[in-house]
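To keep things clear, I will list the structure first and then write my remarks on it.
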Amino acid sequence: MSVLFSLYLVPLAMYSPCIREAGTLGPKPTLLGRRGAPMLAPENTLMSFESAVEAGVDGFETDVTISADGVPFVMHDLTLQRTTNVEEVFPNRTHTPAALFTWSDVQQLNAGAWFLSWDPFGTVSSLSPKQRALAANQTVPSLEEVLDVANRTGRTVLFDLRQPPPGHPYRDNYLNITLDLIHTHINSSQVLWLPSDQREEIQQVDPELQQTAGRTASIQELQDNHITTLNLHYSTMSLQHVSKYRSVNISVNLYVVNQPWLYSLAWCSGASSVTTNNMLLRDIHTPLLLVTPEQYSVIWVLTDLVSAALIVCVFIFHWWRERGLHFWSGSRQTHETRPYSKFRTDPVESGWGRWNPFHSESPTRALISLPLDLNP
């Protein structure tokens with residue numbers, strides 16, 4: 001009973017941002033396609049970004065590496081092994097950092113065949129033959145090509161810029177190379193600038209960039225660094241944190257949100273956008289878990305009452321069954337053994353167990369005295 005009572009009190013300690021008063025829900029979070037649309041096409045390829053546009057996302061998220069000859073290109077991993085055929089084209093450079101390849105080297109690689117063979121999301125079967133053929137021939141795109149897609153379609157771009165390794169010829173000016181590319185291919189206001197190096201200098205050079213931080217901080221620190229957006233893992237945020245940041249016009253993007261229920265929680269928390277692999281989240285028009293405090297209370301009270309009634313019914317049933325079996329079993333035993341208990345099974349009362357030849361009711365004495373009574 002103590003355990004059950006404790007379980008009944010659990011709902012009092014449960015919290016969800018989707019338990020809120022009617023009319024307090026904020027706008028639906030926008031979608032940023034993680035490396036494009038990786039469920040529909042090979043990640044970080046032009047086909048992936050074009051597919052994300054067709055799916056209706058509001059922007060892209062990707063990672064940028066600077067080649068050995070100073071060309072920014074799209075690549076998430078430190079090496080080219082996972083998403084290209086570098087083992088076939090450059091077998092001796094399989095584990096070489098991607099930043100140490102020239103752009104002409106990178107252009108020789110196939111960046112789509114792995115998607116068809118690995119089928120990372122189990123979605124290849126849904127592609128048409130034409131789409132499969134297109135995926136099989138994808139190459140690694142440059143940042144310039146991705147910016148052109150975003151500029152043409154009016155999408156935003158969130159990217160992390162990886163600093164080249166020591167000894168790289170562009171290790172010290174990779175930020176300027178990337179900024180020059182942005183200024184010539186897209187409106188700066190469409191770019192969520194995530195790199196934290198030299199943020200103050202970048203802000204002075206291009207104040208239109210949406211300065212984005214990848215960690216939480218005090219409001220004062222964020223404002224001092226001109227941060228307009230936070231890019232955070234969904235597990236680090238709560239309704240209180242999001243509300244605090246949004247009160248000073250700092251947007252929050254949560255990653256990686258793929259499940260509808262998790263998207264619902266992000267929505268209820270007040271997130272401005274989410275990074276996702278799942279383009280179907282666009283079809284969610286209301287949070288799945290949204291209830292008012294009154295509805296939540298009614299749900300749990302009814303659940304507790306029904307479970308308590310069920311437990312009582314089970315207890316009564318077992319009590320009745322055990323009591324009924326005992327009564328039935330006892331009655332049957334008495335009825336069946338009564339004709340035998342005095343004569344066959346109870347030696348003390350029947351006299352067979354303790355023989356007394358002088359007892360008047362002893363069967364042995366009766367047999368012995370019978371002839372004596374017949375003599376004159």
Check your understanding: How many angstroms lie between CG in L127 and CG in L40, if you round to the nearest 0.5 Å?
Key -> 7.5 Å
Check your understanding: Between T83, T45, T123, which is the residue that forms a side chain to side chain contact (heavy atoms under 4.5 Å, CB included) with F115?
Key -> T123
**Study point:** Under 3.5 Å donor-acceptor, D69 side chain and W103 backbone
**Key:** yes
Check your understanding: Which residues satisfy the side-chain contact (heavy atoms from CB on, under 4.5 Å) test with S238, sequence neighbours excluded?
Key -> Q240, H241
Practice item. Would you confirm whether K244, through its side chain, and I219, through its main-chain N or O, come within 3.5 Å as a donor-acceptor pair? Key: no
Review point. Is the closest side-chain heavy-atom distance between L78 and R162 below 4.5 Å?
Key: yes
Practice item. Would you name the heavy atoms of S48 and P42 that are closest together and state the gap between them? Key: CB-O, 3.1 Å
Revision key, fill the gap. For Q131 and M47, the nearest pair of non-hydrogen atoms, with its separation, is O-CE, 3.5 Å
Check your understanding: Of the options L134, V149, V74, which is the one that meets L46 in a side chain to side chain contact (heavy atoms under 4.5 Å, CB included)?
Key -> V149
Check your understanding: Short question: side chain of D119, backbone of V124 - any donor-acceptor pair under 3.5 Å?
Key -> yes
Review point. So, do T65 and F73 sit near enough that their side-chain heavy atoms are less than 4.5 Å apart?
Key: yes
Revision key, fill the gap. Shortest non-hydrogen pair, P38 vs E43, comes out as CB-CB, 4.1 Å
Review point. If only atom types and distance count, is the side chain of H226 paired as donor or acceptor with the main-chain N or O of Q203 below 3.5 Å?
Key: no
Exercise for review: Answer whether the closest heavy-atom distance between the side chains of T79 and T94 falls below 4.5 Å.
Suggested key: no
Point to revise | Heavy-atom side-chain proximity of P17 to L265 below 4.5 angstrom | key: yes
Practice item. Dump the intermediate steps for side-chain contact (heavy atoms from CB on, under 4.5 Å) on C268 and L239, then the final yes or no. Key: CA-CA 8 Å; C268 293; L239 176 62; over 6 Å; no
Check your understanding: Within the distance-only criterion (no hydrogens, no angle test), does the side chain of S264 pair as donor or acceptor with the backbone N or O of L288 below 3.5 angstrom?
Key -> yes
**Study point:** Cluster link W118 to L116, ILVMFWY, side chain under 4.5 Å
**Key:** yes
**Study point:** Backbone of S189 reached by a side-chain donor or acceptor of Q210 within 3.5 Å
**Key:** yes
Exercise for review: Kindly indicate whether the side chain of Q107, heavy atoms from C-beta on, has any atom under 4.5 Å from the side chain of F101.
Suggested key: no
Exercise for review: Drop me the distance from D304's CG to L7's CG, to the nearest 0.5 angstrom.
Suggested key: 9.0 Å
Point to revise | CA sep, side-chain torsions, deciding dist, call: V157, Q190, side-chain contact (heavy atoms from CB on, under 4.5 Å) | key: CA-CA 6 Å; V157 180; Q190 292 176 247; 6.0 Å; no
Check your understanding: Can N253 and T212 be said to form a side-chain contact (heavy atoms from CB on, under 4.5 Å), step by step?
Key -> CA-CA 10 Å; N253 177 71; T212 305; over 6 Å; no
Review point. How many angstroms lie between CG in D160 and CG in N231, if you round to the nearest 0.5 Å?
Key: 8.5 Å
Exercise for review: Please round to the nearest 0.5 Å and tell me the distance separating atom CG of N277 and atom CD of Q259.
Suggested key: 9.5 Å
Revision key, fill the gap. Applying salt bridge (Lys or Arg N to Asp or Glu O under 4.0 Å) to D58 and not counting sequence neighbours gives none
Exercise for review: Give the minimum heavy-atom separation between M75 and A98, together with the two atoms involved.
Suggested key: CG-CB, 4.3 Å
Exercise for review: Output yes when a side-chain donor or acceptor of R34 lies under 3.5 Å from a complementary backbone atom of V256, and no otherwise.
Suggested key: no
Check your understanding: Roughly how far, to the nearest 0.5 Å, is CG of L194 from CG of L209?
Key -> 12.0 Å
Check your understanding: Is T84 reaching over with its side chain to a backbone N or O of Q81, donor-acceptor style, under 3.5 angstrom?
Key -> no
**Study point:** Polar side chain donor-acceptor pair, E221 to N225, under 3.5 angstrom
**Key:** no
Check your understanding: Do the side chains of W300 and L305 join up, straight or via other hydrophobic residues, at under 4.5 Å, putting them in one cluster?
Key -> no
**Study point:** Shared hydrophobic cluster, L281 / M279 (ILVMFWY, side-chain heavy atoms < 4.5 Å)
**Key:** yes
Check your understanding: So, for A150 and I186, which heavy atoms are closest and what is the spacing to 0.1 Å?
Key -> CB-CD1, 3.8 Å
Review point. Counting only N and O atoms by type, is there a donor-acceptor contact under 3.5 Å from the side chain of E145 to the main-chain atoms of S142?
Key: yes
Point to revise | Side-chain heavy-atom pair Q108, D105 within 4.5 angstrom cut-off | key: yes
Point to revise | Closest non-hydrogen atom pair, R35 against F49 | key: C-CE2, 3.8 Å
Review point. Can you find a side-chain donor-acceptor pair between D206 and H183 that sits under 3.5 Å?
Key: yes
Review point. Atom CD1 of I227 and atom OG of S251: how far apart are they, to the nearest 0.5 Å?
Key: 12.0 Å
Distance-only check: which donor-acceptor pairs under 3.5 Å involve side-chain atoms of residues 170-179, not counting sequence neighbours?
from : atom 1 : to   : atom 2 : distance (Å)
R171 : NH1    : P164 : O      : 2.5
Y174 : OH     : D197 : OD2    : 2.9
T178 : OG1    : Y174 : O      : 2.9

Review point. Can you list the steps and then say if F90 with L80 is a side-chain contact (heavy atoms from CB on, under 4.5 Å)?
Key: CA-CA 10 Å; F90 302 105; L80 302 168; over 6 Å; no
Review point. So, do T276 and Y263 sit near enough that their side-chain heavy atoms are less than 4.5 Å apart?
Key: no
Review point. Linking I/L/V/M/F/W/Y whenever any side-chain heavy atoms sit under 4.5 Å apart, do L25 and V242 land together?
Key: yes
Check your understanding: Out of N278, V274, V257, which one pairs with L31 under the side chain to side chain contact (heavy atoms under 4.5 Å, CB included) rule?
Key -> V274
Point to revise | Short side-chain donor-acceptor distance under 3.5 Å, S269 and Y234 | key: no
Practice item. Following the transitive rule for hydrophobic clusters with a side-chain heavy-atom cut-off under 4.5 Å over Ile, Leu, Val, Met, Phe, Trp and Tyr, establish whether V191 and V146 coincide in one cluster. Key: yes
Point to revise | Check: T62/N44 side-chain N/O donor and acceptor closer than 3.5 Å | key: yes
Check your understanding: With a 4.5 Å limit on heavy-atom distance, are the side chains of N151 and L147 in contact?
Key -> no
